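Notes for the one structure printed next.
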Amino acid sequence: MGSVRTINLSKSVFEDGKREADELRAYLKSKGVFLVNVMSSPGAGKTTALISLINRLSRQFRIGVMEADIDSDVDAVRIAQKADCKAIQLHTGGMCHLDAAMTRQGLDELGADGLDIVFLENVGNLVCPAEFDTGAHLDMTILSVPEGDDKPLKYPLIYQKCDLVLISKIDALSYFTFDLEKCVANIRMRNLNSTVIPISAKTGENMERAAEYFIKKISKMGED
Amino acid sequence: MHELGIVVRVIEQVEKVAEENKVEKVTKLTVEVGEVSSVVPELFTDCFEWSKKKTKYLQDAQLELVVLEALSYCQDCEETYKTTAYAKQCPHCGSTNTYLVTGNEINIKDIEVMQ
């Protein structure tokens, strides 16, 4: 019979993940690649908003997109057809989110060298993606009008974490009981410093403003 | 779904420590889970019981989950309060200028090993 002893670890489960994410962020910065983690619930319009945004940014920047889904390649095919960018599909194999290690694998596959911006379209889910640092320089979420203005009350962490919130499908405002002002207040309650831009990828409303936001952020990364 | 990913990470880290310490096996594992870490203890335990069968050192390991209370701090009135009862709004002064101090963590506290 062997002897029993206790080994103290007192180690956060996320410690390795956080380190991997910080390393990835620094590496990408040294290469001049700005990584954006795009999160939202399924159907909020991530791909449509990205197509509209990329077509405004691609005049100035070389762009890559990584579409993460549990299955299928419909998003990658659609974005490659409709937007001026390099796109690949990542399959998470049932996983509900991406972490920095998976993101790095995706970037290797995409070939991020020579790109200025890479959008990582995370798995459509408001819970798990918010928990994991992907190594992105900017975390953003899209909240669509049909989802309701109370989403930030129900899923606090994602709104707390995001630097940018796009309220999408505002062309449909008249069909829904959605209080834009209340929605912004709910987002602010989670994060006082986040930028909120209501957009419609369909009509193009405020898309230039959203593009401007990215142009500013990217030039700022170069200055740091 | 999400618990399984975390369990996999926990197991990887414990197996590494077990290997480094040349233990025979891990008999017990204590994990601290914050009240608002979005981990469901029952699911976490189920995922652990399923995953441990595929490990080298944790086959017979017993899992103990310790739930850590969530506390928030108000930057306006400088009081601390229970997050699960009042969420983002301070019960002392009504401000929402608050942040979570503790309760979001998932830590591997310690392991009991047989040498």
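The structure presented is a predicted model; accordingly, all values stated were derived computationally and were not measured.
- Around atom CD of A:E181, no more than 12 heavy atoms belonging to other residues, nucleotides or ligands sit under 6.0 Å away.
- Both the backbone and the side chain of A:R190 come within less than 4.5 Å of a heavy atom of chain B.
- Listed by first and then second residue, the salt bridge (charged side-chain N to carboxylate O under 4.0 Å, His left out) pairs that reach into residues 83-101 of chain B come to none, sequence neighbours excluded.
- Top candidate by heavy-atom pairs under 4.5 Å with chain B, chosen from A:T6, A:L157, A:V13, A:L192, is A:V13.
- Rounded to the nearest 0.5 angstrom, A:S3 OG and B:E24 CD are separated by 9.5 Å.
- Within 6.0 Å of the OH atom in B:Y86, the count of heavy atoms belonging to other residues, nucleotides or ligands does not exceed 12.
- With chain A as the partner, the residue from B:N21, B:T96, B:T27 showing the most heavy-atom pairs under 4.5 Å is B:N21.
- In terms of heavy atoms, A:E131 sits closest to B:S38 at OE2-OG, 2.7 Å.
- From B:K109, atom NZ reaches atom OG of A:S10 across 7.0 Å, with rounding to the nearest 0.5 Å.
- Note that CD1 of B:I108 is 6.0 Å distant from CG of A:L9, once rounded to the nearest 0.5 Å.
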CA sep, side-chain torsions, deciding dist, call: B:V113, A:V4, side-chain contact (heavy atoms from CB on, under 4.5 Å) | CA-CA 6 Å; B:V113 300; A:V4 174; over 6 Å; no
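- Residue A:N8 holds its CG atom at 9.5 Å from OG1 of B:T30, rounded to the nearest 0.5 Å.
- In terms of the salt bridge (Lys or Arg N to Asp or Glu O under 4.0 Å) criterion, A:K161 has no residue partners (sequence neighbours excluded).
- Of all residues spanning residues 12-20 of chain B, those with a heavy atom less than 4.5 Å away from chain A's heavy atoms are B:Q13, B:V17, arranged by number.
- Side-chain contact between A:K11 and B:N107 is absent, with no heavy-atom pair separated by less than 4.5 Å.
- Annotation: side chain of A:F14 is not in contact with side chain of B:N104 (no heavy-atom distance under 4.5 Å).
- Within the structure, ring-ring contact (aromatic ring centres under 6.0 Å, His included) pairs that include any residue of residues 29-85 of chain B comprise B:Y73-B:Y99 (at least two apart or interchain).
- Of all the listed residues (A:E15, A:Q160, A:M189), the one sharing the greatest number of non-hydrogen pairs under 4.5 Å with chain B is A:M189.
- The environment of A:E109 atom CD is sparse: at most 12 non-hydrogen atoms of other residues, nucleotides or ligands sit within 6.0 angstrom.
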